[in-house]
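Presented below is the structure to which this report refers.
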Amino acid sequence: MKEAGIGAVVAPSFGRLFTRNCINVGLPVVVSPGIGEQVEQGDEIEIDLARSYIRNLRSGYEARLPPMAPESLKLIEDGGIANYTRRVLEERRKASGAKGE
């Protein structure tokens, strides 16, 4: 989905496995009860995961979202678990190299 240009997936609910798989590849999943009644095909949606809100730019509809775990936000920011792991390992290498100098 991410390679197809999808920026996020929004639905009233998701299964745990689907949610975890999306986060692992850096694709935000947003739970928004009743979203189906608030969005039409072609609408542009703005999502702010850090501030926990969603907004339909056509209709002006806004809703609060359940807060996302900081660890999940970091995985998404890094573009998935592979990029997150690379970044963490690089930070550790740099930190251990700085101590040895």
Side-chain angles (χ1 to χ4, degrees):
M1 285 188 285
K2 196 171 175 187
E3 289 178 13
I6 295 172
V9 181
V10 182
S13 66
F14 295 99
R16 276 194 213 198
L17 183 58
F18 181 82
T19 300
R20 189 81 245 150
N21 286 339
C22 285
I23 291 170
N24 283 343
V25 297
L27 182 65
V29 288
V30 177
V31 174
S32 183
I35 193 66
E37 292 82 40
Q38 302 299 330
V39 177
E40 296 177 13
Q41 186 170 340
D43 283 356
E44 188 172 342
I45 306 299
E46 178 181 73
I47 300 168
D48 188 325
L49 297 174
R51 294 187 181 113
S52 301
Y53 79 84
I54 185 170
R55 179 174 30 191
N56 182 328
L57 299 179
R58 177 194 56 83
S59 69
Y61 167 80
E62 284 190 31
R64 299 289 302 162
L65 300 171
M68 190 172 278
E71 297 83 7
S72 296
L73 281 173
K74 196 64 187 153
L75 282 170
I76 290 168
E77 286 173 15
D78 285 344
I81 197 160
N83 292 337
Y84 171 84
T85 302
R86 279 189 210 98
R87 181 184 58 77
V88 168
L89 291 174
E90 182 61 28
E91 288 173 0
R92 287 182 184 167
R93 277 193 282 274
K94 287 179 182 178
S96 65
K99 291 177 187 176
E101 294 176 2

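Quick caveat: nothing in here was measured; it's all calculated off a predicted structure.
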Separation of R20 CZ from I23 CD1 (nearest 0.5 Å): 5.0 Å

Spacing of SG belonging to C22 relative to CE belonging to M1, to within rounding of 0.5 Å: 4.0 Å

Counterpart residues, side-chain hydrogen bond (donor to acceptor under 3.5 Å, both in side chains), relative to R51 (two or more places apart): D48

Any V31 side-chain heavy atom under 4.5 Å of P12 side chain: no

Atom pair CZ (R87) and CG (L75), whose distance is rounded to the nearest 0.5 Å: 9.0 Å

Heavy atoms of other groups near E3 CD, more than 12 under 6.0 Å: no

E90 with R86: basic N within carboxylate O range, under 4.0 Å: no

Derivation of the side chain to side chain contact (heavy atoms under 4.5 Å, CB included) call for V30 and L49: CA-CA 8 Å; V30 177; L49 297 174; 3.9 Å; yes

Any donor-acceptor pair under 3.5 Å from S72 side chain to M68 backbone: no

Stepwise side chain to side chain contact (heavy atoms under 4.5 Å, CB included) test for Y61 and V39: CA-CA 9 Å; Y61 167 80; V39 177; 5.7 Å; no

S52 to P67 - nearest heavy-atom pair and separation: OG-CA, 3.6 Å

Approximate separation, where rounding is to 0.5 Å, of F18 CZ and L27 CG: 7.0 Å

Polar contact flag, side-chain donor to acceptor under 3.5 angstrom, E46-Y53: yes

Donor-acceptor under 3.5 Å (N83 side chain, G80 main chain): no

Closest approach of V10 to S32 (non-hydrogen atoms, all atoms of both residues): CG1-CB, 4.1 Å

Heavy-atom pair with the smallest gap, counting every atom of I76 and G26: CG2-O, 4.0 Å

Taking every non-hydrogen atom, the tightest pair across I47 and A8: CD1-CB, 3.8 Å

Check ion pair E77-K74 (N to O, under 4.0 angstrom): yes

Under 3.5 Å: donor-acceptor pair, side chain of N56, backbone of Q38: yes

CA sep, side-chain torsions, deciding dist, call: E62, I54, side chain to side chain contact (heavy atoms under 4.5 Å, CB included): CA-CA 6 Å; E62 284 190 31; I54 185 170; over 6 Å; no

